[in-house]
Chemist: 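Sharing a structure, written as structure tokens. Questions coming.
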Amino acid sequence: MYKTEKEFLENYDDSIYEKLSMTTDIIIFSVSDKPQENYRKNDEKNMSILLVKRKDYPYKDKWCLPGGFLDIKEDLEECPKRILAAETNIKNIYLEQLYTFGAVNRDPRTRVVSTSYMALIDKNQLKDKLSEEASWFDIKLIERADGLVSIKLEGPKEKLEFIVKRKLKEATTNQYEYEVVENEKLAFDHALVIVNGMERLRNKIQYTDIVFRMMPEYFTLGELQRVYEVILDKKLLDPAFRRIIANKVEKTDKLKKGEGHRPSALFKYKNS
């Protein structure tokens with residue numbers, strides 16, 4: 001028996017334990033304008049996520065979320081920041097830990113546990129050019145009549161789709177879990193990361209101010225409402241929406257002009 005902590009550490013043999021690796025995967029959400037041909041109509045909004053095409057095996061030429069291995073001496077919270085800067089040229093954005101994914105066979109190389117993060121940005125404000133392998137995909141979640149959920153992803157050159165089965169996990173907290181039914185073009189278990197991230201975003205937008213991480217500094221109430229609607233995937237009645245955001249925004253003396261519309265008052269996030 002060891003008598004002291006120092007004695008124990010000096011004689012400690014870590015070879016008795018199996019090794020595993022840690023990675024970070026980041027789902028980056030943005031809402032951006034979809035211009036209308038009729039300039040008198042308001043621009044529609046699209047919800048988008050950022051994907052990266054893999055250059056190497058495993059899953060060569062398939063799409064994945066920005067991610068990578070945790071360095072042995074790296075703090076967990078620094079890992080997603082480093083990966084985003086290296087793979088996408090994106091820096092200084094909002095990050096929130098999502099879930100930990102640890103299925104035994106989630107990576108064919110070795111046993112890998114991934115801590116996933118959700119990031120939110122206003123894509124229209126990005127100044128740095130994305131890396132060559134990264135691309136934005138507009139994302140649409142469709143509830144099917146057979147109980148399955150289809151997630152369609154449309155990029156500038158390629159369209160992806162995967163299908164999941166949604167099952168109630170915990171009735172008292174209304175928590176769901178997902179099982180991938182069909183997926184050909186997404187690597188690893190990133191289909192699960194994406195659908196869980198969408199669920200988290202939809203839930204949090206209803207009881208937090210997280211939506212303003214995706215907005216420019218100044219915006220009209222109509223623009224803000226359309227962002228809520230595209231994330232929640234439903235039309236909101238104007239009076240109900242105004243009540244939701246009444247204490248979150250403040251009116252400025254600025255106006256949005258042009259684009260074939262009457263000038264509209266610009267607002268900003270009250271706690272900015």
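The figures here come from the full heavy-atom set of this structure, side chains too, leaving out hydrogens, waters and symmetry mates. Bear in mind the structure is a predicted one, so any value in this text is a computation, not a measurement.
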Chemist: With sequence neighbours excluded, tell me which residues meet side-chain hydrogen bond (donor to acceptor under 3.5 Å, both in side chains) with N203.
Modeler: none
Chemist: My understanding is that only residues two or more places apart in sequence, or in another chain, count here; which of them pass ring-ring contact (aromatic ring centres under 6.0 Å, His included) with Y12?
Modeler: F8
Chemist: Could you tell me whether the side chain of Y178 reaches within less than 4.5 Å of the side chain of N196, counting heavy atoms only?
Modeler: yes
Chemist: For F241, check ring-ring contact (aromatic ring centres under 6.0 Å, His included) against everything at least two apart and list the hits.
Modeler: Y228
Chemist: For residues 18-30, which residue pairs qualify under salt bridge (Lys or Arg N to Asp or Glu O under 4.0 Å), counting only residues two or more places apart or in two chains?
Modeler: D25-R106
Chemist: What residues, two or more places apart in sequence or in another chain, satisfy salt bridge (Lys or Arg N to Asp or Glu O under 4.0 Å) together with K140?
Modeler: D233
Chemist: Other hydrophobic cluster members with Y218, side-chain heavy atoms of Ile/Leu/Val/Met/Phe/Trp/Tyr under 4.5 Å, chained?
Modeler: L266
Chemist: Using the test salt bridge (Lys or Arg N to Asp or Glu O under 4.0 Å), find all partners of K235 that sit at least two apart in sequence or belong to another chain.
Modeler: E229
Chemist: Please identify each residue that fulfils salt bridge (Lys or Arg N to Asp or Glu O under 4.0 Å) with K204, with sequence neighbours left out.
Modeler: E96
Chemist: Run the side-chain hydrogen bond (donor to acceptor under 3.5 Å, both in side chains) test against T252 and tell me which residues pass, sequence neighbours left out.
Modeler: none
Chemist: If the condition is salt bridge (Lys or Arg N to Asp or Glu O under 4.0 Å), which residues does E158 pass it with, not counting sequence neighbours?
Modeler: K53, K185
Chemist: For R82, check side-chain hydrogen bond (donor to acceptor under 3.5 Å, both in side chains) against everything at least two apart and list the hits.
Modeler: E74
Chemist: Which residue pairs satisfy the ring-ring contact (aromatic ring centres under 6.0 Å, His included) criterion with at least one member in residues 48-81, sequence neighbours excluded?
Modeler: Y59-F188, W63-F137
